[in-house]
Each structure stands twice: as structure tokens, then as C-alpha cells.
Amino acid sequence: MEEKLYITFLESPVGWLKLTSDSVFLLSVEFKDTQKPSDNDLPEILIKTKKQLTEYFEGKRKKFRLKLKPKGTDFQQKVWNLVQEVSFGETASYLDIAKISGSEKNTRAVGLANGKNPIPIIIPCHRIIGSNGKLTGYAGGIERKKWLLRHELILSKNTQLLF
């Protein structure tokens with residue numbers, strides 16, 4: 001029997017966020033242009049997710065504490081776990097993540113895995129940049145990536161502006 005999925009929307013500075021969960025785990029965060037109807041009876045995980053994302057956008061939260069269950073291959077899971085180690089206000093390159101994952105030849109695979117991240121912002125794939133310091137692709141769009149990085153850089157008082 002399939003577990004029920006719950007959906008809610010959160011308005012944010014980077015647009016509407018569609019949040020999907022089962023009764024225990026956050027499954028996805030998607031960037032949307034508009035809001036659609038939400039479930040009325042939300043599980044605790046979605047209530048916590050909305051609260052923590054709101055705190056993040058208000059500058060009051062730098063680390064998420066949520067139960068996540070992103071769907072992906074073993075390699076994608078490994079990359080997403082490594083991406084979660086990149087701290088608020090910091091960045092790492094695709095090459096950095098590839099090296100840590102076991103092979104610096106995996107930069108393309110790391111980029112593809114990063115692009116498939118179903119829980120952006122919380123699994124902070126926006127913090128992964130090109131080894132030349134350039135902002136490369138972002139599933140939510142480069143403008144959102146810029147906004148998220150600038151937001152974190154300002155709040156972390158990191159003087160190393162990227163762009």
C-alpha cells in the first residue's frame with residue numbers, strides 16, 4: 001500500500017516552494033511560479049519544514065534539522081550527503097565534491113547528481129559552484145542561486161563575494 005503524500009506551499013523570496021512529504025520524511029522542495037491548493041491536515045514534518053525555511057529566509061536559521069528522504073541512486077545520495085556538509089555562507093566546487101566522493105574524474109557526474117537534488121535549499125546544492133568560481137547551472141535557475149548565495153554571504157559576514 002502506497003503511503004499518502006502531503007503537499008503544501010510556502011511563499012519565499014525566491015518564489016513559491018512546493019513541499020512534499022510522507023507522514024514522517026520531507027521528500028521534495030520544488031520551485032513553482034504559483035501556489036496550488038494545499039493539504040489541510042499537514043504532518044509535523046511539513047509544519048517543521050515551513051517553519052525552518054521561513055527562519056532561513058528571515059536570516060534566523062543557518063542549519064536545517066529535518067528528516068529527509070530524497071529519492072536517488074546510491075551515487076546521488078552520496079553526493080547529496082557531501083553537499084550537506086558545505087556550511088552556510090560557504091561554497092565548494094564540483095571538483096571538491098568529486099575528490100571527496102573518491103574520484104576527481106567524477107565532476108560531471110557530481111554536477112548531474114547535484115542537478116537532480118529533489119530537496120534544494122535544505123540540501124544546499126546552490127553552494128556548489130564551478131572550480132573557477134563561476135556560478136554554473138542550477139535547477140531553480142541562476143537568479144535563484146545568486147539570491148541564495150548572496151543571502152547566505154551577507155548573513156555569514158563572508159567578505160568573499162562571488163559575483
Search all heavy atoms of [X] against all heavy atoms of [Y] and return the closest pair with its distance.
| X | Y | answer |
| --- | --- | --- |
| Gly115 | Ala139 | O-CB, 3.9 Å |
| Phe75 | Ser101 | CE1-OG, 4.2 Å |
| Gln84 | Leu68 | OE1-CD1, 3.7 Å |
| Gly89 | Glu152 | N-OE1, 3.2 Å |
| Phe31 | Gly140 | CD1-CA, 3.5 Å |
| Leu149 | Arg127 | CD2-CA, 4.0 Å |

Path from [X] to [Y] over hydrophobic side-chain contacts below 4.5 Å:
| X | Y | result |
| --- | --- | --- |
| Ile128 | Leu95 | no |
| Ile119 | Ile47 | yes |
| Ile45 | Leu27 | no |

Heavy-atom side-chain proximity of [X] to [Y] below 4.5 angstrom:
| X | Y | result |
| --- | --- | --- |
| Pro43 | Ser21 | yes |
| Glu58 | Thr54 | yes |
| Gln77 | Pro70 | yes |
| Val110 | Val83 | no |
| Lys18 | Val29 | no |
| Lys50 | Leu19 | yes |

Query raised in the report: Quick check: are there more than 12 heavy atoms from other residues, nucleotides or ligands sitting under 6.0 Å from CG of Asp74?
Result: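 No, not enclosed.
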**Report entry** Crowding at CD, Gln35 (>12 non-hydrogen neighbours, <6.0 Å)
**Finding:**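 Yes.
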Any donor and acceptor pair, going by atom type alone, linking the side chain of [X] with main-chain N or O of [Y] inside 3.5 Å?
| X | Y | value |
| --- | --- | --- |
| Trp80 | Pro118 | no |
| Glu44 | Val24 | no |
| Ser87 | Glu90 | no |

Spacing of [atom1] belonging to [X] relative to [atom2] belonging to [Y], to within rounding of 0.5 Å:
| X | Y | atom1 | atom2 | value |
| --- | --- | --- | --- | --- |
| Leu42 | Thr49 | CG | OG1 | 10.0 Å |
| Asp22 | Lys67 | CG | NZ | 10.5 Å |
| Gln76 | Ile123 | CD | CD1 | 11.0 Å |
| Ile129 | Asn114 | CD1 | CG | 11.5 Å |
| Lys78 | Asn106 | NZ | CG | 8.5 Å |
| Leu26 | Leu53 | CG | CG | 8.0 Å |

Requested in this report: Give the C-alpha distance, both sets of side-chain angles, the deciding distance and a yes or no for side-chain contact (heavy atoms from CB on, under 4.5 Å) between Ile142 and Trp147.
Outcome: CA-CA 9 Å; Ile142 289 293; Trp147 191 96; over 6 Å; no
**Report entry** Exercise: do Thr136 and Tyr94 side chains pair donor with acceptor under 3.5 Å
**Finding:**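 Yes, Tyr94 and Thr136 have a side-chain donor paired with an acceptor closer than 3.5 Å.
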Query - Short N-O contact, Glu55 and Arg61, less than 4.0 angstrom - result: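 Arg61 and Glu55: salt-bridged.
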Query raised in the report: Aromatic rings Tyr138 and His126: how do their planes relate, parallel, tilted or perpendicular, breaks at 30° and 60°?
Result: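 The rings of Tyr138 and His126 stand perpendicular, inter-plane angle above 60°.
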**Report entry** Plane angle bin for Tyr56 and Phe64 - parallel if under 30°, tilted between 30 and 60°, otherwise perpendicular
**Finding:**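 If you compare the ring of Phe64 with that of Tyr56, the planes turn out tilted.
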Query raised in the report: Given a cutoff of under 4.5 Å between side-chain heavy atoms of I, L, V, M, F, W and Y, with clusters grown through shared members, what are the other residues clustered with Phe9?
Result: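 Via sub-4.5 Å side-chain contacts, Phe9 links to Ile7, Trp16.
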Query raised in the report: Tyr6 ring centre to Lys4 NZ or CZ under 6.0 Å, with the angle to the axis within 45°?
Result: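 Judged by the rule (NZ or CZ under 6.0 Å from the ring centre, within 45° of its axis), Lys4 counts as positioned above Tyr6.
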